[in-house]
Amino acid sequence: MKTGSSKGLALRSSIALFILIAAFLTCVGSLVRVALVHGEEYKLKAEKNQLLDTTISAERGTIYDSNMNVLAKSASAWLIYIVPSKIENDTQRDLVVEILSSTLSLDAESVREKTMRESNYIKIAGEVEEEQKDEIKKFISEHGKEKLSNIIGIDPDTKRYYPYSSFASSIIGFVNTDDEGTLGVELTYNGELTGVSGRIVTAKNARQKKMASEYETTYEAQQGANLVLTIDEVVQYYLEQSLDQAIIDTGCKYAYGIIMDVDTGAILAMTSKPDFDLNNPNVISNKLVADKISEILDEEEKKTETLNARFAQWRNRTVSDTYEPGSVFKTVVVSAALEENVVDLNTTYTCVGGIQVANNYQKCWRHGGHGTETLTQGLMNSCNPFFITIGQKLGKDKFFKYFEAFGFTEKTGIDVPAEANPVANVTYHALESMGISELSSSSFGQTFQVSPIQMVTAISAIANGGKLMTPYVVDSMLDSDGNVIKKTQPVVRRQVISEKTASTVADMMEAVVSKGTGKNAYVAGYHVAGKTGTSEKIGKEGAYIASFAGFAPANNPRIAILIAIDEPAGAHGGGVVAAPIAGQILEKVLTYLNVEPQYEDNEMANISSTAPALIGKTLQEARSMTAGYTLKIVGKGDKVIAQSPAADSQIRTGGVIVLYTEEQYEKQTAIVPDLTNMTMSQANSAAVNAGFNIRFSGTTNETEVMSYKQSLEANTEAELGSVITVYFRTTVNVQDA
């Protein structure tokens, strides 16, 4: 018995020992699993329960124009969030919904839905203004017993401001609710502008409340880099102002333009109209479009059309759109032909009104033809049969060689997003698929497409001696102390034609403006070079794009310009529609850039002189200084107290100068006459007879010109002696298609 009992005891002891060892090993295994395998996971969970980690948004970098005017800036704001898991009853929930929906103008049901979620953090709104934040804090304080401070949280945030609203909107772009760039340089340089977010790490007690500040660690946010654009605020203003007016005057669908520094590729101005308000990018800026959408009854359709309208107004058409360049492209064709020596300035062609190409008869825009023309005259007249002949002389291999060299088969590389991508046999004819018909039509700028930025870059290459540049809009990057972090260096992509060829083509393009289809872009004293274009839109019969591309001064180029008027109502030729707009802009920009005008003898007769400074002079002195002008004396004093127009204003000899001779004087006014649809002589007489001065602008070197616009609106009241700028153009021999 004892022996059996001993054996049973030993067995039980062994089993117990085994169980103890197994339990021990299980505990050890669990410790290993917790500490080593899942240690980091449990550590993070513990820290999450013990620590409150709050993100401090970094201040986004400022965007400046080339003169350091602020175009986009971030300012302090607030972020409002809730902790739904802390809501204990319906009273708390109702109060949270009430204050947040009313103060932040949010849908109450949407806020209520967020309070129902199982979460420790839900963002309600960012970029909240100080006034709204204070109202929420006051409400929380007034309802202290409801413990709303545990439910509603307020953290520092930033808000993006655009001081000039829609100014340069397609270049600058905007940020979304997460402060991320969405369009323009805000998107392209989002990483550099964003900076590095900071953190506030605070210890929490067992009741999940913040502990004293000694248990808090702050990691400061690092501000993003600042951008200095190549855009000049004044040049951009002139471009935008003119294209806004062009939409009104021409009834076009879109108007867009680019002004580029020909030596560097820097973009001085770029716009696509209509545009939008950067501070309210989701609001449809075009009232006609907005009204049309508001009439849609189906909610899904309305949502789709609203989204389409937003994308349409955000689109930078100078970079993202393509179009048939039309006759503007003839400058590239003649450059290639001269470079390859298949033509020279003595080459002539007799235009009889058309030319047979394969099975098609290609007509010249001029019925009956141009007769015998030199090469320069062919470009001046924009003669399609002549350029078909030039293209055929080049042959498809050489034609494509220069088409490629001038950059039409690749992106320009400009530093704004969504640049159109050229695609062989889609936007242009590939070499292997180019037959005689494709070569011929391409030679006068049809049956292929380019982007406006490609076209103005190619024109700049002719202006700068044959160098194809990479266009860019960001000049430099600065740190928060204003130190230059990065500077954009001009990039020459390649030499596409020789300096000699470029100079020859520039002279030919100047003749286009002085005597050819581009004469409505003429600016006295500045020798503008350019080419007009008119192209019918692919797949849309009767819809045209009128354009002008050129540079100035022709003898020492500074800037290139491209103006495109998309679907103008009525007249649609580039020479009638786009060239006058380009001329107006060039005159203002060249004057602003302090480019000294160089007048020819025949221009001097139409140039205004400047009004003398007469304030403080006696009447006798004033009379002796104003010989040739009509004086009007107001008052009985013997000294000049004020004058109209002001000293140094441009006025013509024979104009009116009003002199005030008493301290308490009342300005003399008159009704502004309608000076449109007049010859230069008629407009001058009408202005002077009404007591105003006149300044001529536009095409003043032609005999058959008529006024079409004036700076002071007709039938409004203005001070006697005021200067009215009157713009002239011609409709004679300016067709190009």
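Note that these values count all heavy atoms, side chains included, but never hydrogens, waters or copies made by symmetry.
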Could Arg317 and Tyr256 be counted as a cation-pi pair, given that NZ or CZ must be under 6.0 Å from the ring centre and within 45° of the axis?
no

Can you tell if the side chain of Asp344 reaches within under 4.5 Å of the side chain of Leu375, non-hydrogen atoms only?
no

So, Ser442 side chain and Leu439 main chain: donor-acceptor pair closer than 3.5 Å or not?
no

Between the side chains of Thr501 and Ser498, is a donor N or O closer than 3.5 angstrom to an acceptor N or O?
yes

Can you check whether Ile267 reaches Val416 side chain to side chain, under 4.5 Å on heavy atoms?
no

Any donor-acceptor pair under 3.5 Å from Gln446 side chain to Ser535 backbone:
no

Short question: side chain of Thr534, backbone of Gly574 - any donor-acceptor pair under 3.5 Å?
yes

I'd like to check Val523 versus Leu590 (side-chain heavy atoms, cut-off strictly below 4.5 Å). Are they in contact?
no

State whether a side-chain donor-acceptor pair under 3.5 Å links Tyr592 with Asp232.
yes

When you check the side-chain N and O atoms of Asn381 and Gln377, is any donor under 3.5 Å from an acceptor?
no

Does one side chain, of Glu404 or Tyr428, offer a donor that lies under 3.5 Å from an acceptor on the other?
no

Answer yes or no: is there a donor N or O on one side and an acceptor on the other, between the side chain of Ser320 and the main chain of Ala418, under 3.5 Å?
yes

For Asp475, is there an ion pair with Lys487 - N to carboxylate O distance below 4.0 angstrom?
yes

Spatial distance of atom CD1 (Ile563) from atom CD1 (Ile585) [nearest 0.5 Å]
3.5 Å

Could you tell me whether the side chains of Lys709 and Gln245 share a donor-acceptor contact shorter than 3.5 Å?
no

Once rounded to the nearest 0.5 Å, what's the spacing between atom CD1 of Ile436 and atom CD1 of Ile388?
9.5 Å

Look at the side chain of Asn190 and the backbone N and O of Glu180, then say whether any donor-acceptor pair between them is shorter than 3.5 Å.
no

When you compare the side chains of Asn316 and Ser272, does any donor N or O come within less than 3.5 Å of an acceptor on the partner?
no

A quick test of your reading: do over 12 heavy atoms of other residues, nucleotides or ligands sit less than 6.0 Å from OH of Tyr254?
yes

Aromatic contact, Phe444 with Phe387 (centres under 6.0 Å)
no

Tell me, please, which residues at least two apart from Ser285 pass side chain to side chain donor-acceptor pair (under 3.5 Å).
Gln313

Could you verify whether a donor N or O on one side chain and an acceptor N or O on the other, from Tyr162 and Glu186, lie under 3.5 Å apart?
yes

Supply the atom-to-atom distance Phe448 CZ to Ile538 CD1, rounded to the nearest 0.5 angstrom.
10.0 Å

Whether the Lys330 and Asn384 side chains hold a donor-acceptor pair (N or O, under 3.5 Å, no angle test) is what I'd like checked.
yes

Taking only Lys NZ, Arg NE, NH1 and NH2, and the carboxylate oxygens of Asp or Glu, determine whether Glu339 and Lys401 approach each other closer than 4.0 Å.
no

From Phe551 atom CZ to Ile559 atom CD1, the distance as rounded to the nearest 0.5 Å:
11.5 Å

Going by heavy atoms in the side chains, are Phe167 and Leu278 under 4.5 Å from each other?
no

Does NZ belonging to Lys537 count more than 12 external heavy atoms closer than 6.0 Å?
yes

Test side chain to side chain donor-acceptor pair (under 3.5 Å) on Gln362 and Ser440 and set out the steps.
CA-CA 9 Å; Gln362 294 283 354; Ser440 299; over 6 Å; no

Check whether more than 12 heavy atoms from other residues, nucleotides or ligands sit under 6.0 Å from atom CD of Glu499, and answer yes or no.
no

Which heavy atom in Cys252 sits nearest to a heavy atom in Ala246, and how many Å separate them?
SG-O, 4.3 Å

Give me the atom names and distance for the closest heavy-atom approach of Gln223 to Gly61.
NE2-CA, 4.4 Å

Can you tell if the side chain of Asp415 reaches within under 4.5 Å of the side chain of Tyr189, non-hydrogen atoms only?
yes

Please confirm whether the backbone N or O of Asp263 pairs with a side-chain atom of Asn464, one donor and one acceptor, at under 3.5 Å?
no

Hey, does Ile462 have a side-chain heavy atom less than 4.5 Å from the side chain of Ser335?
yes

Quick one: does Gln236's side chain have a donor or acceptor within less than 3.5 Å of a partner on Met270's backbone?
yes

Taking NZ, NE, NH1 and NH2 as the nitrogens, is one of them in Asp179 or Arg160 under 4.0 Å from a carboxylate oxygen of the other?
no

So, does Gln454 use its side chain to make a donor-acceptor pair with the main chain of Glu410 at under 3.5 Å?
yes

Any donor-acceptor N or O pair under 3.5 Å, side chains Ser382, Thr517:
no

We want to know whether Glu419 and Thr412 form a side-chain donor-acceptor pair, criterion being a heavy-atom distance below 3.5 angstrom.
yes

Is Glu340 paired with Lys398 through a side-chain N to carboxylate O contact shorter than 4.0 Å?
yes

With sequence neighbours left out, what residues match Phe408 under ring pair (Phe, Tyr, Trp, His ring centres under 6.0 Å)?
Phe329, Phe403

Looking at Val576, is its backbone amide N or carbonyl O close enough to the side chain of Asn520 to form a donor-acceptor pair, meaning the two atoms are under 3.5 Å apart?
no

Using modelled atom types and a 3.5 Å cut-off, is there a donor and acceptor pairing between side-chain atoms of Asp65 and backbone atoms of Glu233?
yes

How many angstroms lie between CZ in Phe174 and CG in Leu187, if you round to the nearest 0.5 Å?
10.0 Å

Is there side-chain contact between Val734 and Arg729, with heavy atoms separated by less than 4.5 Å?
no

Would you say Val185 and Val474 make side-chain contact, with heavy atoms under 4.5 Å?
yes

